Amino acid sequence: MRPLLVRGGRVIDPSQALDAPAQVLLVNGRVEALGPDLAPPDGAQVLDATGLVVCPGFVDLHTHLREPGEEEKETIATGALAGVRGGFTTLCAMPNTLPPIDTPALVEAVRRRAEEAGLARVLPIACVSKGRQGKELAELADLARAGAVAFSDDGSPVANAFLMRTALHYSTLTGLPIINHLEEPALARGVAHEGWVASRLGLPGIPPQAEESMAGRDIALCALTGGRLHLAHISTAGTAQMVRWAKERGLPVTAEATPHHLCLTDEWLLGTRGEGSPFAPLSPSAYDTHCKVNPPLRTRFHRDALQRALREGVIDAIATDHAPHTPVDKACTFQEASFGISGLETAFALCYTILVAQEGIPLLRLLEALTVGPARVLGEKGKGLGSLRPGSAGDLVVLDLRKRWTVDPSRFASKGKNTPLAGVTLQGMVVATVVGGRVVYDARSSPTGGRG
Ligand code: DOR
């Protein structure tokens, strides 16, 4: 493989608190050197980043790739392409596929398919319970040996407290985090945040307490076992407060939030994209099923609390919860529609537009939550990811912070066109993505990264 010199950019690497003009040299798939005056070695390829930001490749802790079993929604190959177009060089694949990833052979199959696709790194997450049934623990030690990087029954919670206790106990043996989808089933029977918007629309609600009661239980079980607990897609002020409390006590608890929970609110269900009032006439685009996601979009109060928690580092990672669905899954009533937003290709721009440009969260902090933050959640398995220190994986992304673009889902590489952001203009664009020292996407040479 030819060495690659990324030249002329402003390098921002939160893992070393670096924000300075520099060149990055990648050799044999790894970062060789970083510095102000590196010359390209003989035969090197040069990637021009003049006027652009260069940072470590993004690490997504929460991606639904749908393969095996639901390839009409996404495949590992289409998801990996969507990933690199969104700046994500590592995708942790959730195991709620058909069949669920609950055996070493299935973990191995996901890894092989990802290698064939050859774009983003795909790290398999395996199930906590056999068949994701929430009854019997999967063979966690065998799954860890086969290459699982974490365990989760995501899409469903580990509702049984004894099963969760045992899984966290195993975490002390495998060293891998247990990722829980926080949802007390008896409280989560609705389709939207329980509040005035759901009432106005006549939709059954999901109260914040459906999430918070399970977050509290899990933190208590983390204290009991010492196992590593990672809280998936947190969406409420109360959960953020509990994570803050747990961290202050030194518990091994980490948390992620999605771009949509950090940036949008349940007022989007009214079709007004945030300008809603309980007394305004309903917009023709109310009940847009593309806004249906689990946990639900919540109120400004909760969104603001998540933004504060992100700013303060209480939230470790921004994770997309990329949940691709077919048009049929969304072309129905709000109550019937599938939960989920296709998020890989809009994550960075949505976060940059709202969190940095509008809310003033430092860019370094946003990039930390997309790079070394999630890599740290992965512990040993995340070593060398999310960083441009010499010796790290040669994964980086080139960003144009000034570029504005309008979201057109028909141009997504993902099969999932299900986004509430269609037609919205965002600021910040992924210009190029490098994985293992190889340029896998360059918007300047082809709008589809040379793949179609
Ligand atoms: O909105 C969601 N969609 N939330 C989840 O937890 C699962 C996901 C999916 O798999 O579609």
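Only a predicted model underlies this, so the values are computations on that prediction, with no experimental measurement involved. Counting starts at 1 for both ligands and their atoms, following the listed order.
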Q.
I'd like to know if E183 contacts ligand 1, where contact means a heavy-atom distance under 4.0 Å to any ligand atom.
A. no
Q. Between the side chain of H302 and the main-chain N/O of A237, is any donor-acceptor distance below 3.5 Å?
A. yes
(Q) To check your reading of the model: name the closest protein heavy atom to atom 8 (C) of ligand 1, its residue, and the distance in Å. (A) H64 NE2, 3.7 Å
Q) Going by the atom numbers of ligand 1, which of them fall below 4.0 Å from some non-hydrogen atom of V293? A) 1 (O)
Q) Hey, are R376 and E368 close enough for a salt bridge, meaning a charged N less than 4.0 Å from a carboxylate O? A) yes
Q. Heavy atom of H325 under 4.0 Å from ligand 1?
A. yes
**Q.** H181 and ligand 1 - part of the residue with a heavy-atom distance under 4.0 Å
**A.** side chain
(Q) If the cut-off is 4.0 Å to any non-hydrogen atom of H233, which atoms of ligand 1 fall inside it? (A) 6 (O)
Q | Minimum heavy-atom distance between A161 and L221, given as atom pair plus value | A | O-CD1, 3.7 Å
Q: May I ask you to list the atoms of ligand 1 that are less than 4.0 angstrom from any heavy atom of G155?
A: 6 (O), 7 (C)
(Q) Looking at D329 and K73, is there a salt bridge between them, counting it only when a charged N and a carboxylate O are closer than 4.0 Å? (A) yes
Q. Can you list the ligand 1 atoms lying under 4.0 Å from a non-hydrogen atom of A323?
A. 3 (N), 8 (C), 9 (C), 11 (O)
Q) Between H181 and H233, does the ring centroid distance fall short of 6.0 Å? A) yes
Q) Identify the closest protein heavy atom to atom 4 (N) of ligand 1: which residue and atom is it, and at what distance? A) N294 O, 2.7 Å
Q. Should the pair E345-R85 be classified as a salt bridge under the 4.0 Å nitrogen-to-oxygen rule?
A. yes
Q.
Under a 4.0 Å threshold between the charged nitrogen and the carboxylate oxygen, would R244 count as salt-bridged to E312?
A. yes
**Q.** S15 side chain to S387 backbone, donor-acceptor under 3.5 Å
**A.** no
Q. Is it the side chain (CB and beyond), the backbone, both or neither of D321 that lies under 4.0 Å from ligand 1, heavy atoms counted?
A. side chain
Q.
For the backbone of T299 and the side chain of E267, can you confirm whether one donor and one acceptor N or O come within less than 3.5 Å of each other?
A. no
(Q) For the 3.5 Å polar cut-off, considering only N or O atoms, please tell me whether G340 and ligand 1 meet it. (A) yes
Q. So which protein heavy atom does atom 3 (N) of ligand 1 come closest to, and at what separation?
A. F339 O, 3.1 Å
**Q.** Part of R66 with heavy atoms under 4.0 Å of ligand 1, whether side chain, backbone, both or neither
**A.** side chain
